[in-house]
2 protein chains.
Amino acid sequence: MPPHRSRRRIPEATVARLPVYLQILVDQAGEGVENISSEGLAELAGVNAAKVRKDLSYLGSYGTRGVGYEVDYLVYQIRRELGLDHDWPVVIVGAGNLGQALAGYGGFNDRGFPVAGLVDIDDDKVDTVVGGIRVRPLDELAQIVAARNVSIGVIATPPPAAQDAADRLVKAGVTSILNFAPVVLSVPVGITVRKVDLAVELQILSYHEQRRAAASQGGQLHAVSTDRGRGATA
Amino acid sequence: MPPHRSRRRIPEATVARLPVYLQILVDQAGEGVENISSEGLAELAGVNAAKVRKDLSYLGSYGTRGVGYEVDYLVYQIRRELGLDHDWPVVIVGAGNLGQALAGYGGFNDRGFPVAGLVDIDDDKVDTVVGGIRVRPLDELAQIVAARNVSIGVIATPPPAAQDAADRLVKAGVTSILNFAPVVLSVPVGITVRKVDLAVELQILSYHEQRRAAASQGGQLHAVSTDRGRGATA
DNA sequence: CGGGCTTTGTGCACACGTTCACAAACCGCC
DNA sequence: GGCGGTTTGTGAACGTGTGCACAAAGCCCG
């Protein structure tokens, strides 16, 4: 069976679901499950079975008709496709409330994203230790990125400092950024940015709450059906 | 001009962008800007101008041709549509690393989502104070929800406890959940759930990094163009 | 070895989201 | 009051994502 180095582009919507499948499959493997059908996986992932099949078909034809998918093999294939066959060290900029929580959050290390460094501009924070990581001055960012071959940066600064952090990360050679600051970053083409904004998430929920309230008061009530990649309504 | 209580449904993709526009508009208002064109707003939000106009058109016709949009009025309208004309108290389940960071994060309170309560199942954590909030036992969840009229719950527990937390939140009367645990929650219809999974975000970035590496080594390089609601590539 | 049952992989139709392009509306100035 | 310049609001085309439905493929059993 050929390694099948897919040069094929996978739709973004699918890329966003693969990690979810992966998580579930790893859990299932841990419970001794050897095979799983698209329907079974769909059930656990809370999506449509056809979607699961189509998603997995982008990886290649790794199922067996009449049987389903071999869990271990599927885990291997998804890992490979997502580039999770090796670790990706990350550097965190900003050792405030959130930066500390992130550094201390075990989930990073466990899932193949070791914290290669945690930097802050504030001298009072430098050299304090959080989650086993010693905070380094912002100036050492470039060094850390170069030394540990970091390609992913996490921005956990206050909003006004976020753009500067992004500029420094890019200059240091980072090509992917996960931005927790509620700010729209401007970066050169070719740099991938993803934004996680807690306030935005809450405001989206607020919209649905408001809508519910308005509906129950006046109009008829619809079954709300959120979705769109992340987030869903049952 | 009639208040225009829109009973119209707004597309999810638009709902996800409105908070971003809002943020920018508030900033602009703070700098004394009175009017803004769709192009100006689009520039700041990193999106297409036509998209801005279409998004805003779902709220009603609040622009003036040849001039643009009045910033203050637009802020008011977006706030109203998102249900941000009053506070939405939230209750946080789980006072671990993340739960504490969330409780301590000023952004919640500032943006209209005061923390009405922070509960944990672990007695050792109960009564400790984090971010000005005293941790309460899990059993008091229902009380807190009822007393403060909470409709939004935040799950910041370890994965195995997340479903139980969701069940308790729903039983207590919460109708929207923001889930930080890397677990697919199962909830009754009518409950809105949004999931924020840091590992998933990193894995999506990993995919793009892996792709970049594969491309530069073998095939031709494409301009990567991520997007999909949140996250973007420049 | 063939027939029945199960499950994948995918063509097709539909829904949703994005972008273009342009008429309609408004401002300000002459 | 009309004319040129500007910007909105939206119809229409396009692209992406979803879900159905079914043929193809494999397993098991008689």
Side-chain angles (χ1 to χ4, degrees), chain A residues 4 6 8-18 20-21 33-71 73-74 77 204 222-233, chain B residues 1 4 6 8-18 20-21 33-43 45-71 73-74 77 204 222-233:
Chain A
H4 195 328
S6 73
R8 194 160 44 320
R9 180 186 143 279
I10 298 183
E12 269 303 301
T14 296
V15 172
R17 280 188 296 267
L18 288 178
V20 177
Y21 300 153
V33 176
E34 288 181 3
N35 285 280
I36 193 166
S37 66
S38 60
E39 191 146 2
L41 183 49
E43 170 80 31
L44 293 170
V47 302
N48 184 293
K51 201 186 292 191
V52 168
R53 290 199 294 276
K54 190 149 281 187
D55 285 343
L56 296 182
S57 78
Y58 292 116
L59 307 181
S61 280
Y62 296 141
T64 308
R65 296 173 188 227
V67 177
Y69 301 87
E70 196 196 332
V71 174
Y73 189 56
L74 206 48
Q77 289 298 343
I204 294 172
H222 315 248
V224 190
S225 184
T226 316
D227 198 327
R228 215 210 66 301
R230 53 177 34 241
T233 299
Chain B
M1 190 177 316
H4 193 331
S6 72
R8 196 159 43 316
R9 180 187 141 277
I10 296 183
E12 270 302 303
T14 295
V15 172
R17 280 188 297 268
L18 287 177
V20 177
Y21 300 153
V33 177
E34 289 182 2
N35 284 280
I36 194 166
S37 66
S38 60
E39 190 145 0
L41 183 49
E43 170 80 31
V47 301
N48 184 294
K51 200 185 288 191
V52 169
R53 289 200 293 277
K54 188 147 279 187
D55 284 344
L56 296 182
S57 78
Y58 291 115
L59 307 182
S61 279
Y62 296 141
T64 307
R65 296 174 187 221
V67 176
Y69 301 87
E70 195 197 332
V71 174
Y73 189 55
L74 206 48
Q77 289 298 342
I204 294 172
H222 315 246
V224 190
S225 184
T226 318
D227 198 329
R228 215 216 59 302
R230 54 177 33 243
T233 300

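Protein chains get the first letters and strands the later ones, always in sequence-line order, with residue 1 at the start of each.
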- Do the side-chain N or O atoms of Ser38(B) get closer than 4.0 angstrom to the phosphate oxygens (OP1, OP2) of dT7(D)? no
- Task: Would you tell me if any nitrogen or oxygen in the side chain of Tyr62(A) comes within less than 4.0 Å of OP1 or OP2 on dT7(C)?
- Result: no
- Task: Name the closest nucleotide to the Glu12(B) side chain, picking from dC26(C), dG17(C), dT10(D).
- Result: dG17(C)
- Message: Rounded to whole Å, how long is the line connecting atom CD of Glu39(A) with atom P of dC20(D)?
- Response: 11 Å
- Would you say a side-chain N or O of Tyr58(A) is under 4.0 Å from OP1 or OP2 of dG17(D)? no
- When the distance from CG of Asn35(A) to C1' of dG26(D) is rounded to whole Å, what number comes out? 13 Å
- Query: Is the shortest heavy-atom distance from the side chain of Val47(A) to the side chain of Val20(A) under 4.5 Å?
  - Reply: no
- Message: Checking contacts here: which listed nucleotide (dT10(D), dG17(D), dT8(C)) is nearest the side-chain heavy atoms of Ser37(A)?
- Response: dT8(C)
- Find the distance Leu59(B):CG to dT10(D):C1' and express it as a whole number of Å. 15 Å
- Task: Mind calculating the distance between CD1 (Ile10(A)) and C1' (dG17(D)) to the nearest angstrom?
- Result: 15 Å
- Item | Gap separating the OG1 atom of Thr14(A) from the CG atom of Leu56(A), nearest 0.5 angstrom | 9.0 Å
- Message: Measuring from the side chain of Arg65(A) (C-beta onward, heavy atoms only), which nucleotide among dT7(D), dT8(C), dG19(D) has the closest atom?
- Response: dT8(C)
- Just how far, in rounded Å, is P of dA13(D) from NZ of Lys51(B)? 21 Å
- Answer yes if the ring centres of Tyr73(A) and Tyr62(A) are under 6.0 angstrom apart, and no otherwise. yes
- Comparing Ala50(A) and Gly66(A) on DNA chain D - which has the more 5′ nearest nucleotide: Ala50(A)
- Message: Rounding to an integer number of Å, can you tell me how far Leu56(B) CG sits from dT10(D) P?
- Response: 12 Å
- Item | Within-4.5 Å side-chain heavy-atom neighbours: Asp55(A) and Arg17(A) | yes
- Query: What nucleotide, of dA21(C), dT18(C), dA25(C), holds the atom closest to the side chain of Arg17(B)?
  - Reply: dT18(C)
- Which nucleotide in the list dT7(C), dT18(D), dT19(C) gets nearest to the side chain of Lys54(B)? dT19(C)
- Query: Taking atom C1' of dC27(D) as reference, at what distance in whole Å does atom OH of Tyr69(A) sit?
  - Reply: 17 Å
- Is there side-chain contact between Tyr69(B) and Thr64(B), with at least one heavy-atom pair below 4.5 Å? no
- Item | Spacing of Arg53(A) atom CZ relative to dG19(D) atom C1', expressed in whole Å | 10 Å
